[in-house]
Amino acid sequence: MDNPSSYFTAQSLNSRADDLSTLLDSIGQAISTLNVADEGITTLQKFVEQAKSIANSARDTANVASSAVSDNVTFNSATAKTDKLSSYLNNISAGDSFTIRLGDSTTMEATSNVSTELTLEEAGLVEGMSMEMIVGDKTYNFTLVAGETQEAVENADGTTSQQIGIASSMEEFMNDVVYTVGRKTITAEIKEGKLSFSTLDNSSMTIRSTNEATIGTASSMKIEKADLTVAALAGTGSGGADEGFAVTPSVTIDGLQLDLSEYFTSTAGNVEFAAGVDGENIITAIKTFAEQNGYSTSIEDVSGDLTIFKNEVGATAPVIAFAAAQPTNGTAATPPTATDGGAQDITATFNDILGFDNGYSVTITEGMTVEEFRQAVDNLEGISADFDSKGHLVISGEQGDDMVIADSGDGNFIKSLLGGNVVSATNGSNERAKYAEQFDGVLDQIDQLVQDTSYKGINLLNGDDLTVVFNESRTSTLELKGVTFNSTGLGFTASEAEWKDNENIDKSLDQITKATSLLRAQASEFGQNLSTVQIREDFTENMINNLQTGADKLTLADMNEEAANMLALQTRQQLGINSLSMASQAAQSVLQLF
């Protein structure tokens with residue numbers, strides 16, 4: 001009432017102070033969000049350092065190769081190129097084969113997803129498929145049949161055979177196999193949807209398919225060799241000095257194009273086959289191209305006609321289109337067309353369906369020399385073969401994995417070479433694989449940490465953005481851009497090939513270096529953002545104090561002045577009271593005279 005203008009001005013200042021106080025809470029929450037993100041980056045840096053330590057340890061560690069040695073057979077390495085393999089080994093013949101499997105010698109794990117209730121037929125297996133299981137030096141053959149499961153039969157050659165009904169559930173199948181081989185010998189389970197067999201007595205195990213069976217059909221398209229002529233794929237020109245193609249000859253399979261220009265030449269506008277090229281060369285080129293891109297093919301022996309189909313049951317035929325070459329000075333001929341190739345049988349083995357590792361297969365050829373055999377084994381990925389100083393052949397699993405070598409069928413090549421139908425080499429150590437597994441585990445922890453680094457629903461390390469408002473009109477803000485710092489966002493990929501080569505580890509170390517730089521740069525950026533927000537927080541706090549102080553100056557009284565005024569009033573009041581009292585006493589004195 002004393003000063004309405006000052007009062008309402010003060011009210012306005014107090015209202016603004018209240019608005020800024022509300023924003024101050026929001027600014028404080030933004031600081032907490034940044035602190036959480038900064039703590040997340042600090043922890044990520046620790047994980048990256050841990051990954052670096054693991055990679056460096058792997059880099060400094062060498063795997064110990066597992067090996068099998070032909071102790072009873074001595075070769076002459078100097079004449080290995082001409083010596084026949086059969087002159088060193090008894091009772092072997094062309095066609096004998098054996099397999100080499102790398103990995104845990106005591107466990108076989110499939111890759112297909114199955115369940116205990118799923119029947120063998122529902123899993124994709126069909127009647128007639130057979131599985132050979134070798135446990136230690138004992139061989140078991142399991143064949144799928146349409147009827148009921150039969151009792152196991154001991155064969156004259158020492159093997160065991162059993163027929164298992166295709167309608168059996170996966171659990172019944174596992175129980176039958178375990179019972180036949182021996183409950184104290186092997187165990188079976190389904191782990192995370194994968195069928196797994198393991199030995200209980202530390203003996204070696206391998207599971208192989210012994211035949212193929214038709215599991216269905218797919219539509220196909222056929223290219224006839226007779227249609228792949230110069231006239232069909234190219235054309236003739238009208239003469240002239242220009243050379244080359246106006247339109248490049250090619251074939252397209254479901255959008256995948258193969259350039260065929262290298263198989264033709266163009267001279268003075270006329271197109272013809274290049275030297276040594278005919279329709280068969282082009283058929284072979286198309287076959288190779290199709291198979292490289294995931295198609296299955298077959299070529300008829302007599303005509304050379306090519307059939308192309310997808311190796312999937314019920315798959316439709318691929319779309320095949322040709323582009324005819326056109327000479328620079330000529331006209332393209334009508335290109336050939338693919339015709340209906342009919343239904344093609346899709347075949348698969350027991351292991352193809354369930355996904356057991358067959359291992360590598362090596363077959364002895366007619367007249368094979370010792371050196372040819374050594375090279376055949378040495379060319380297998382992850383396996384080497386060489387002669388030691390005494391002439392013994394040493395077959396090694398280079399990366400330290402267990403190695404199981406077993407004869408196939410009735411062959412006895414491995415028995416002649418290494419002393420047993422099944423040889424298990426477990427004398428290596430794959431230390432780098434252990435480090436690679438640890439490295440991948442750190443990447444999983446990085447992914448989990450990023451998911452946990454959120455504050456009130458905002459996760460600056462998982463792509464969320466945050467806007468911090470500094471004034472009541474929302475015209476002063478700071479945009480905080482989030483980043484995606486999971487393992488993928490930091491540029492990491494899982495360890496390759498169990499880090500068996502230094503190049504694989506160096507790739508991971510390069511990723512670690514880049515991730516470290518990325519984290520440091522982002523930590524600096526978040527640090528600058530945090531400083532900015534804290535400075536604005538301090539400013540806002542001071543601004544609120546100034547607004548409240550200004551409002552108080554407009555409406556609050558000066559206590560010294562008001563105290564003086566009150567004292568003066570009190571004094572006047574006291575004087576008035578005293579005066580009145582004195583006057584009253586004087587009147588009483590006068591009245592007493594009468």
Side-chain angles (χ1 to χ4, degrees), residues 99 106-201 203-218 311-314 343 345-359 406-410 421-422:
T99 59
T106 64
T107 298
M108 290 290 289
E109 184 173 300
T111 57
S112 300
N113 286 316
V114 295
S115 64
T116 54
E117 300 82 10
L118 196 70
T119 67
L120 300 180
E121 190 171 22
E122 290 170 341
L125 299 167
V126 298
E127 179 185 352
M129 284 184 173
S130 295
M131 176 186 81
E132 179 183 66
M133 177 181 286
I134 304 176
V135 181
D137 58 357
K138 181 74 173 175
T139 300
Y140 304 85
N141 289 292
F142 300 94
T143 303
L144 303 183
V145 296
E148 298 293 327
T149 298
Q150 305 298 313
E151 293 294 329
V153 176
E154 293 289 337
N155 302 314
D157 60 0
T159 63
T160 300
S161 299
Q162 185 177 23
Q163 294 183 340
I164 295 181
I166 192 70
S168 301
S169 69
M170 195 61 65
E171 184 171 18
E172 292 170 334
F173 168 69
M174 291 189 295
N175 290 338
D176 288 333
V177 172
V178 170
Y179 185 82
T180 298
V181 178
R183 289 183 291 108
K184 294 184 178 180
T185 304
I186 68 168
T187 183
E189 62 178 331
I190 293 178
K191 299 187 300 184
E192 299 180 352
K194 307 296 190 295
L195 175 61
S196 175
F197 289 100
S198 299
T199 61
L200 298 174
D201 57 1
S203 57
S204 63
M205 167 185 286
T206 192
I207 296 174
R208 305 186 299 200
S209 301
T210 55
N211 66 338
E212 283 187 337
T214 300
I215 61 174
T217 60
N311 194 27
E312 300 172 3
V313 175
D345 287 338
I346 307 299
T347 61
T349 66
F350 193 98
N351 283 9
D352 289 335
I353 300 300
L354 292 184
F356 285 113
D357 180 13
N358 288 292
D407 276 318
S408 299
D410 298 329
N421 290 105
V422 180

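T99 places no side-chain N or O within donor-acceptor distance of the main-chain N or O of G359, the cut-off being under 3.5 Å. Between the side chain of Q150 and the backbone N or O of Q162 there is no donor-acceptor pair closer than 3.5 Å. With hydrogens and angles ignored, the 3.5 Å screen pairs a side-chain donor or acceptor of S112 with a backbone N or O of L354. A distance-only check finds a donor-acceptor pair linking the side chain of N211 to the backbone of S130 [under 3.5 Å]. Looking only at distances, no side-chain donor or acceptor of K138 sits under 3.5 Å from a matching main-chain atom of M133.
Taking both residues in full, the closest heavy atoms of I215 and A348 are given as CD1-CB, 3.9 Å, listed atom of the first, atom of the second, then distance. For the pair I190 and M170, the tightest heavy-atom approach, listed with the atom from each and the gap, is CD1-CG, 3.8 Å. Minimum interatomic distance between A218 and E312 (heavy atoms only, all atoms of both residues): CB-O, 3.3 Å. Heavy-atom minimum distance, T210 versus N141: CG2-OD1, 4.3 Å. Taking all atoms of both residues into account, the shortest heavy-atom contact from S204 to V422 is OG-CG1, 3.9 Å. Across all their heavy atoms, I166 and A146 have their closest contact at CG2-CA, 4.2 Å.
D201 has its side chain within reach of T185: a pair of non-hydrogen atoms, C-beta onward, lies under 4.5 Å apart. Within the 4.5 Å cutoff, no side-chain heavy atoms of D352 are placed close to those of S209. Residues S196 and T107 meet the side-chain proximity criterion, which asks for heavy atoms closer than 4.5 Å. Taking 4.5 Å as the limit, every side-chain heavy atom of L120 sits out of range of all side-chain heavy atoms of M129.
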- Give the intermediate values and the outcome of side-chain hydrogen bond (donor to acceptor under 3.5 Å, both in side chains) for residues T159 and T139. CA-CA 5 Å; T159 63; T139 300; over 6 Å; no
- Query: Should V126 and T214 be marked as a side chain to side chain contact (heavy atoms under 4.5 Å, CB included) after you check the CA-CA gap, both sets of side-chain angles, and the distance that decides it?
  - Reply: CA-CA 8 Å; V126 298; T214 300; over 6 Å; no
- Go through the steps to decide whether T180 and F142 satisfy the test side chain to side chain contact (heavy atoms under 4.5 Å, CB included), and finish with yes or no. CA-CA 10 Å; T180 298; F142 300 94; 4.1 Å; yes
- Apply the test side-chain hydrogen bond (donor to acceptor under 3.5 Å, both in side chains) to residues E212 and T349: give CA-CA distance (whole Å), side-chain angles for both, the deciding distance (0.1 Å), then the verdict. CA-CA 5 Å; E212 283 187 337; T349 66; over 6 Å; no
- Message: I'd like to know whether L144 forms a side chain to side chain contact (heavy atoms under 4.5 Å, CB included) with E127, so could you lay out the CA-CA distance, the side-chain angles of the two residues, the decisive distance to 0.1 Å, and finally the verdict.
- Response: CA-CA 5 Å; L144 303 183; E127 179 185 352; 5.6 Å; no
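Annotation: D357, atom CG; neighbour count of heavy atoms from other residues, nucleotides and ligands within 6.0 Å is above 12.
Interatomic distance, OG of S203 versus CD1 of I134, reported as 12.0 Å (0.5 Å rounding). In this structure, the separation between OG1 on T199 and CD1 on I186 is 9.0 Å, given to the nearest 0.5 Å. The distance from atom CE of M174 to atom OG of S169, rounded to the nearest 0.5 Å, is 7.5 Å. Atom CD of E148 is separated from atom OG of S168 by 7.5 Å, given to the nearest 0.5 angstrom. Separation of atoms OG1 (T106) and CE (M205) is listed at 8.0 Å; rounding is to 0.5 Å. Rounding to the nearest 0.5 Å places OG1 of T206 at 10.5 Å from CZ of F356.
Taking the six-membered ring for Trp and thresholds of 30 and 60 degrees, F173 and F350 have ring planes inclined between 30 and 60 degrees apart.
Residues in residues 172-186 take part in no salt bridge (Lys or Arg N to Asp or Glu O under 4.0 Å) pair, two or more places apart or across chains.
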